[in-house]
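Because the structure is a prediction, the values reported are computed rather than measured. Just so it is clear, the values below take in all heavy atoms, side chains as well, and ignore hydrogens, waters and symmetry mates. Whatever order the structure lists ligands and atoms in, that order sets their numbers, starting from 1. One is the number of the first residue; the rest follow in order along the sequence.
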Amino acid sequence: MSSIWERAQKVMPGGVNSPVRSFAKVGMEPIFVESAHGAYLTDERGQKYLDYICSWGPLIFGHSYEPVIEKVAECLRKGTSFGLATALEVEFAELLTRAVPSLEMVRLVNSGTEATMSAIRLARGFTRREKIIKFAGCYHGHSNELLVATGSGALTFGSPESAGVTSHAVQDTLVLPYNDRKAVEKVFAEYGEDIAAIIVEPIAANMGLVSPQEGFLAGLRRVTKEYKALLIFDEVITGFRVAYGGAQELYGVIPDLTCLGKIIGGGFPIGAYGGRKEIMEMISPLGPVYQAGTLSGNPVAVTAGMETIRLLKQGHVYDQLQSKGDYLRNGLRQIAKSKGVKLQITGVGSLTGVFFSEEIVDCYEKVLKASKELYQNFFRANLKKGILLPPSPYETIFISTAHTQEDLDGTLEVWNGVLNTWK
Ligand SMILES: *Cc1c(COP(=O)(O)O)cnc(C)c1O
């Protein structure tokens with residue numbers, strides 16, 4: 001009998017349904033997950049791992065979170081899709097618009113990719129301009145016009161410029177270095193009247209973790225306002241992750257449009273984009289910008305998302321995640337220092353980046369200068385000890401509320417051992 005991995009490769013490209021699930025770059029077979037609870041997942045061989053991937057962001061409360069599961073189970077009995085409007089969606093839209101400062105109105109879609117793609121279309125329809133600015137190393141899903149100088153899996157697999165994307169599709173996409181305000185101002189001085197929007201990850205979490213420098217986001221806000229272009233925050237990762245109101249709440253910079261995904265589906269497929277009323281009313285059926293979806297506002301995903309967000313409002317989730325994140329980062333920093341390992345550790349709250357580099361990492365270029373090989377060694381050494389990190393230096397390490405103090409201490413112990421034998 002052939003293994004799952006052998007069977008997988010015969011029927012799915014690379015044996016996976018999304019390239020980031022492939023462990024090819026670390027020379028391994030992918031993990032085939034059998035089940036997951038809390039901070040741990042178990043693979044088909046019965047191997048258990050402490051999970052720092054957390055489904056790449058959605059699972060802020062960890063796996064199989066009981067309160068969410070219960071609500072979903074109730075909801076399933078009422079029907080799984082209607083293709084018609086529900087009160088549930090209204091309630092969810094109310095919840096989202098109350099939570100996220102820039103949202104006056106919102107449209108639900110089925111993935112982060114759809115959210116960013118639709119927000120770009122809307123920005124172009126609203127401004128009647130064609131050019132957009134994105135930043136190198138930011139990943140905004142896999143739509144044609146945004147699949148250039150991108151992060152995440154595309155960068156891991158050496159194709160930040162994808163085959164199949166025509167030069168025509170990206171001719172109006174201007175790519176600038178992250179954290180480079182001067183470059184943005186220069187481009188606006190030249191093309192300002194033609195630029196529909198800037199799209200940015202307010203915290204770049206798809207090239208490892210790169211924080212915005214002081215004034216970067218405010219600078220984007222200023223220049224877009226001046227030239228009547230829109231500012232789009234892609235908060236698919238950061239939304240409800242770094243604060244209840246996302247990075248825009250954390251940094252006090254309010255964009256015109258916001259894209260959401262991941263956490264707002266509570267582990268089910270979802271996306272959303274929204275913003276000012278006058279912009280959102282350009283969308284069909286009210287306005288001329290067309291965008292639709294058979295499963296959009298799916299009751300199962302909305303139920304899971306709604307319960308997740310409701311629970312996020314309670315307690316001190318963000319304080320807790322911040323102190324857990326700090327604990328892990330400070331712990332690793334101390335270990336690296338004591339062993340003389342050159343490490344840059346970045347992070348905001350529950351998001352952490354680890355770069356094997358001597359230089360501070362604040363943009364794509366510096367990310368690429370960090371040692372990929374050392375990160376991969378680090379990954380493999382961790383996996384041997386039952387700790388699952390992202391298998392690529394261009395992804396973010398996620399923690400959830402399910403990661404206990406004991407889990408973090410265990411992790412630091414492993415890191416201490418791993419870096420002990422580093423040289
Ligand atoms: C994951 C991600 C996307 C794409 O979302 P999908 O649901 O995978 O299509 C877009 N933007 C950012 C910042 C993301 O992290």
Side-chain angles (χ1 to χ4, degrees), residues 16-22 53-60 100 107-121 123 132-157 160 162 173 178 197-212 217 231-242 246-248 250 255 257-274 291 293 295-298 301-302 304-305 308 348-353 364 367 390 392 394-398:
V16 292
N17 276 317
S18 186
V20 298
R21 296 174 202 176
S22 168
I53 293 178
C54 297
S55 190
W56 310 101
L59 304 176
I60 194 160
V100 183
R107 168 66 64 89
L108 296 183
V109 291
N110 300 292
S111 66
T113 295
E114 270 187 70
T116 54
M117 179 179 84
S118 310
I120 294 289
R121 182 182 306 146
I132 54 169
I133 292 176
K134 85 171 281 288
F135 295 96
C138 284
Y139 177 68
H140 303 294
H142 63 85
S143 70
N144 286 342
E145 61 212 334
L146 293 169
L147 212 46
V148 45
T150 190
S152 189
L155 181 54
T156 309
F157 291 92
S162 169
T173 307
Y178 196 77
I198 294 179
I199 186 164
V200 65
E201 286 185 72
I203 299 166
N206 283 288
M207 50 170 158
L209 198 282
V210 176
S211 294
L217 299 173
L231 179 60
I232 307 172
F233 274 7
D234 179 353
E235 297 228 41
V236 170
I237 282 186
T238 54
F240 294 96
R241 162 69 60 184
V242 295
Q248 54 198 265
L250 192 66
L257 292 174
T258 298
C259 302
L260 296 167
K262 297 190 172 125
I263 285 179
I264 68 158
F268 287 81
I270 207 166
Y273 64 105
Q291 184 273 308
L295 289 166
S296 295
N298 175 266
V302 168
T308 301
V348 180
S350 55
L351 302 170
T352 297
Y364 183 68
V367 166
S392 160
Y394 310 130
E395 305 288 354
T396 293
I397 294 167
F398 290 93

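- At a threshold of 4.5 Å between non-hydrogen side-chain atoms, the residues Glu145 and Lys134 do not count as touching.
- Looking at Ser152, its side chain never comes within 3.5 Å of a backbone N or O of Asn206 through a donor-acceptor pair.
- Under the 3.5 Å distance criterion, the side-chain polar atoms of Ser18 are left unmatched by any main-chain donor or acceptor of Arg21.
- Judged by distance alone, the side chain of Ser392 and the main-chain N or O of Tyr394 form a donor-acceptor pair under 3.5 Å.
- Put simply, the side chain of Arg241 never gets that close to the backbone of Ile263: no donor and acceptor are under 3.5 Å apart.
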Under 3.5 Å, N/O to N/O: give me all the pairs between ligand 1 and the protein, one per line with atom names and distance.
residue: ligand 1; atom: 5 (O); partner: Gly112; partner atom: N; Å: 3.4
residue: ligand 1; atom: 7 (O); partner: Gly112; partner atom: N; Å: 2.9
residue: ligand 1; atom: 9 (O); partner: Gly112; partner atom: N; Å: 3.4
residue: ligand 1; atom: 9 (O); partner: Thr113; partner atom: N; Å: 2.8
residue: ligand 1; atom: 9 (O); partner: Thr113; partner atom: OG1; Å: 2.6
residue: ligand 1; atom: 11 (N); partner: Tyr139; partner atom: O; Å: 3.3
residue: ligand 1; atom: 11 (N); partner: Asp234; partner atom: OD1; Å: 3.3
residue: ligand 1; atom: 11 (N); partner: Asp234; partner atom: OD2; Å: 2.6
residue: ligand 1; atom: 15 (O); partner: Asn206; partner atom: ND2; Å: 3.1
residue: ligand 1; atom: 15 (O); partner: Lys262; partner atom: NZ; Å: 2.6

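- Contact check for Tyr273 versus Glu114: no side-chain heavy atoms found under the 4.5 Å cut-off.
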